[in-house]
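See structure below.
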Amino acid sequence: MRVCAQRCAERSSKNPEWPCRWRACDKEIIKLEKFVITGGKPLHGEVTISGAKNAAVGILPATILAADVCVIENLPDISDVAVSLKILSTLGASIKMLNRNTYEIDTTHLNSTNVPDDLSRQMRASYYFLGALLSRFGKAQVAMPGGCNLGPRPIDQHLKVFSALGAEDSVDYGMITVRAKELNGAHIFFDKVSVGATMNGMLSAVMAQGQTILENCAKEPHVVDLANFLNMCGADVRGAGTDVIKVRGVEKMHGCTYSIIPDQIEAGSYMVAAAATGGDVLIKNVTPKHLEPITAKLRRAGVDVEEFDDSVRVSRKGDILPLKINTMPHPGFPTDMQPLMGVLLSVAKGTSTITESVWDNRFRYVDELRKMGASVQVDGQVAVFEGVEKLSPAPLRASDLRAGAAMVVAALAANGVSEIDETIQKLGKKYAKAKDVKVKIVTAASGDYQKTLTSEMDKSEAPTIFVIGNHAGVKEWNDYALDLKDTDIAKAQTTDEYNQYDDNGKLVSVGYCYECYGIVANVDNITKAGHSVDEIKDFDTLKAVVEDMQAKKDQLGIEGQTVGVAPVGCSVMAYDFFGCDMIEAAHGRAPAVATP
């Protein structure tokens with residue numbers, strides 16, 4: 001068992017982006033309660049941008065069309081991606097994590113076309129599974145999609161595409177069902193520019209008979225990214241990024257390796273954060289052309305933006321100048337950046353206006369800015385900002401993902417401590433960055449492990465893998481995982497990779513996983529308790545043996561680790577604890593637990 005901790009440390013030093021790569025597992029959806037931010041200081045340094053959320057949530061369902069193995073790189077580490085992967089797994093896909101941002105997805109043997117209600121309601125983009133499943137299987141069922149409350153978000157244009165291609169649709173008890181005996185190409189004109197409908201149009205048309213022409217299409221970078229992915233898989237999609245997209249149906253598609261484009265909104269968020277705090281930040285892994293609408297506005301506001309091949313440097317020394325902003329579909333100013341620019345303009349020298357032309361409820365963040373002393377008046381879809389000298393810290397709430405990012409920037413600009421509540425599970429994963437990972441062994445007395453580990457985390461300057469050097473706290477973690485067995489989490493595959501062998505090849509511990517949660521028990525202790533390894537066939541039987549072992553622990557004198565547990569399991573005796581309450585405060589650090 002000591003060997004496993006050492007190996008985990010060795011692998012961590014070779015690959016600081018991910019502490020252990022021994023097994024692939026599902027993403028964990030982290031739910032944080034709040035952010036506590038001490039602001040008032042300029043931001044300095046550099047940050048690497050992750051993959052585009054809006055591209056990822058379209059490309060992941062598109063892997064269904066390949067009916068093959070796809071390797072998707074540069075996936076953002078956010079809840080919408082976690083939900084998409086869970087949906088694919090539920091439909092029968094085999095998923096392996098190659099590193100934190102790369103997944104191998106095999107959709108060869110899907111066994112369902114119904115997306116679970118609870119999963120599809122967790123994000124807006126679940127409707128992309130309609131187009132992908134309809135295209136491959138001729139049928140699909142998805143619940144009415146969820147997502148941030150930004151006002152009415154009808155899917156009538158999506159259904160218009162499906163109907164034009166020959167499908168029938170129905171909505172019963174909140175479930176959308178589409179069916180077609182055969183899909184045939186059609187000429188479709190969208191009544192309004194819609195990113196989702198454009199992407200679903202491509203997904204549903206790539207295997208239809210003949211040619212489909214889509215007019216009045218969205219031109220966003222993630223629309224082009226989806227088209228590029230489909231073409232890499234053997235589709236014939238032309239014109240993405242223009243008003244007219246032509247899709248010539250193919251009989252069969254195949255897998256590929258594809259890297260998702262950088263997220264322009266995440267990059268824009270850091271650009272505004274640097275400007276609002278008067279900092280100097282180098283933003284790496286970006287496509288400067290995708291940032292042009294944001295860059296142009298920031299420059300007019302008196303912010304210095306220096307462009308390189310795949311990065312931008314943003315700094316500000318003078319005053320923030322007032323602006324007039326009108327959100328529009330790409331290549332206009334993106335609506336997702338509007339709340340962030342609202343924060344910036346709240347401290348500009350003069351009067352600014354923002355006209356929201358895309359969503360009805362995008363100004364809900366204004367009430368939070370008023371708590372901080374901002375002077376903002378909203379009339380319908382127009383907000384007028386009278387710049388104030390500075391923002392004051394306050395308790396804040398994030399009404400949606402982008403408003404949450406705006407509140408973070410506002411808190412960074414305010415001189416003092418602000419707290420932000422709500423939707424942080426989405427925000428935290430999107431904007432958490434960890435560059436360097438260290439390994440540290442912590443010895444804690446029984447009962448004090450949590451206090452000791454938390455203390456060590458507070459003292460750590462960089463993300464650190466903490467290895468507990470004794471048996472402290474094992475039962476508490478065990479209770480945590482076993483409680484999850486009673487939830488409605490879907491059961492995942494069992495795997496021999498949870499088993500641990502010594503240097504002579506002898507089995508020393510046996511383990512199974514329940515979705516992201518693993519249990520592993522020492523073979524000697526299993527024998528002491530009167531059980532045999534042969535009777536352990538799956539998670540349930542191992543759970544029963546472990547419970548019996550714990551009941552007999554004092555009577556039989558079982559010492560040492562009887563069981564280890566871990567959300568988002570790593571190797572057998574060293575676990576990542578992403579998702580545990582104690583760990584969430586570590587902001588992206590990756591603690592691990594191992595026996596000596």
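Values in this document were obtained by computation on a predicted structure and should not be read as measured data.
- In summary, of the residues considered (Glu356, Met341, Met337, Arg362), a side chain to side chain contact (heavy atoms under 4.5 Å, CB included) with Thr327 occurs for Glu356 alone.
- At most 12 heavy atoms of other shown residues, nucleotides or ligands fall within 6.0 angstrom of atom CG in Asp309.
- Residues Val286 and Ala267 come closest through the heavy atom pair CG1-CB, 3.8 Å.
- Residues Val272 and Val303 have side chains not in contact (no heavy-atom distance under 4.5 Å, counting atoms from C-beta outward).
- Of the possible donor and acceptor atoms, none in the side chain of Thr353 sits under 3.5 Å from a partner among the backbone N and O of Val384.
- Taking the side chain as every heavy atom from C-beta outward, Leu321 and Arg300 never approach each other to under 4.5 Å.
- Tyr365 places no side-chain N or O within 3.5 Å of a backbone atom of Val343 that could act as its donor or acceptor partner.
- Glu306 CD to Ser311 OG: the interatomic distance, rounded to the nearest 0.5 Å, is 8.5 Å.
- Counting only heavy atoms from C-beta outward, the side chains of Glu220 and Pro329 approach each other to under 4.5 Å.
- Of the inter-residue distances, the one linking Ile188 atom CD1 with Asn216 atom CG reads 12.5 Å to the nearest 0.5 angstrom.
- No donor-acceptor pair closer than 3.5 Å links the side chain of Thr198 to the backbone N or O of Cys217.
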Practice task
Show your working on side-chain contact (heavy atoms from CB on, under 4.5 Å) between Glu368 and Ile420 and close with a plain yes or no.
Solution key: CA-CA 10 Å; Glu368 306 306 304; Ile420 307 173; over 6 Å; no

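- Side chain of Glu46 to backbone of Leu282: no donor-acceptor contact under 3.5 angstrom is found.
- Ser357 and Gln381 form no side-chain donor-acceptor contact under 3.5 Å, judged by distance and modelled atom types alone.
- With hydrogens and angles disregarded, a donor-acceptor distance shorter than 3.5 Å links the side chain of Lys297 to the backbone of Lys324.
- Between Ser346 and Leu391, some side-chain heavy-atom pair lies under the 4.5 Å cut-off.
- Residues Asp310 and Lys284 form no side-chain contact, since every pair of their non-hydrogen atoms from C-beta on lies 4.5 Å or further apart.
- Side chain of Asn74 to backbone of Ser259: no donor-acceptor contact under 3.5 angstrom is found.
- A distance of 11.0 Å separates CG in Asn200 from CZ in Phe129, rounded to the nearest 0.5 Å.
- There is a side-chain donor-acceptor pair under 3.5 Å between Ser50 and Glu266.
- Ile354 pairs with exactly one of Val382, Val366, Ile325, Val376 by the side chain to side chain contact (heavy atoms under 4.5 Å, CB included) rule, that one being Ile325.
- Residues Ala403 and Pro339 approach most closely at CA-CB, 4.3 Å, considering heavy atoms.
- Looking only at side-chain heavy atoms (C-beta outward), Leu75 and Thr102 stay at 4.5 Å or farther from each other.
- How far NE2 of His222 is from CD1 of Ile260: 12.0 Å, rounded to the nearest 0.5 Å.
- In this structure, Asp263 contributes its side chain and Lys53 its backbone to a donor-acceptor pair below 3.5 Å.
- Below 30°, between 30° and 60°, or above 60°: for Tyr127 and His158 the angle between ring planes is between 30° and 60°, a tilted geometry.
- Across all non-hydrogen atoms, the minimal contact from Leu85 to Ile95 is O-CD1, 3.2 Å.
- Shown here is Arg299, whose CZ atom has more than 12 heavy atoms of other residues, nucleotides or ligands within 6.0 Å.
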Exercise for the section: With side-chain contact (heavy atoms from CB on, under 4.5 Å) as the test, would you mind laying out the steps for Leu230 and Leu203 before giving the verdict? Expected result: CA-CA 8 Å; Leu230 292 172; Leu203 290 170; 4.3 Å; yes

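- The two residues Leu345 and Phe385 make their nearest non-hydrogen contact at O-CB, 3.9 Å.
- Between Leu344 and Leu323, the closest side-chain pair of non-hydrogen atoms is not below 4.5 Å.
- Counting all heavy atoms, side chain and backbone alike, Pro293 lies closest to Pro331 at CG-O, 3.4 Å.
- Heavy atoms of other residues, nucleotides or ligands lying less than 6.0 angstrom from NZ of Lys219 number more than 12.
- Separation of atoms CE (Met232) and CG (Asn228) is listed at 9.0 Å; rounding is to 0.5 Å.
- Atom NE2 of residue His254 and atom CG of residue Leu65 lie 12.0 Å apart, to the nearest 0.5 angstrom.
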Practice task
Apply side-chain contact (heavy atoms from CB on, under 4.5 Å) to the pair Thr277 and Lys41, showing each step before the final yes or no.
Solution key: CA-CA 7 Å; Thr277 61; Lys41 296 182 179 180; over 6 Å; no

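- In terms of heavy atoms, Val206 sits closest to Ser135 at CG2-OG, 3.9 Å.
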Handout entry: Worked check of side-chain contact (heavy atoms from CB on, under 4.5 Å) between Val305 and Leu291
Key = CA-CA 11 Å; Val305 181; Leu291 301 175; over 6 Å; no

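- Using a 4.5 Å heavy-atom threshold, the side chains of Met407 and Leu369 count as touching.
- Side-chain atoms of Thr287 do not come within 3.5 Å of backbone N or O of Lys289 as any donor-acceptor pair.
- At distances below 3.5 Å, at least one donor-acceptor pair connects side-chain atoms of Gln157 with backbone N or O atoms of Asp191.
- Side chain of Asp336 to main chain of Ile265: no donor-acceptor pair is present (N/O by atom type, distance under 3.5 Å, no hydrogens or angles).
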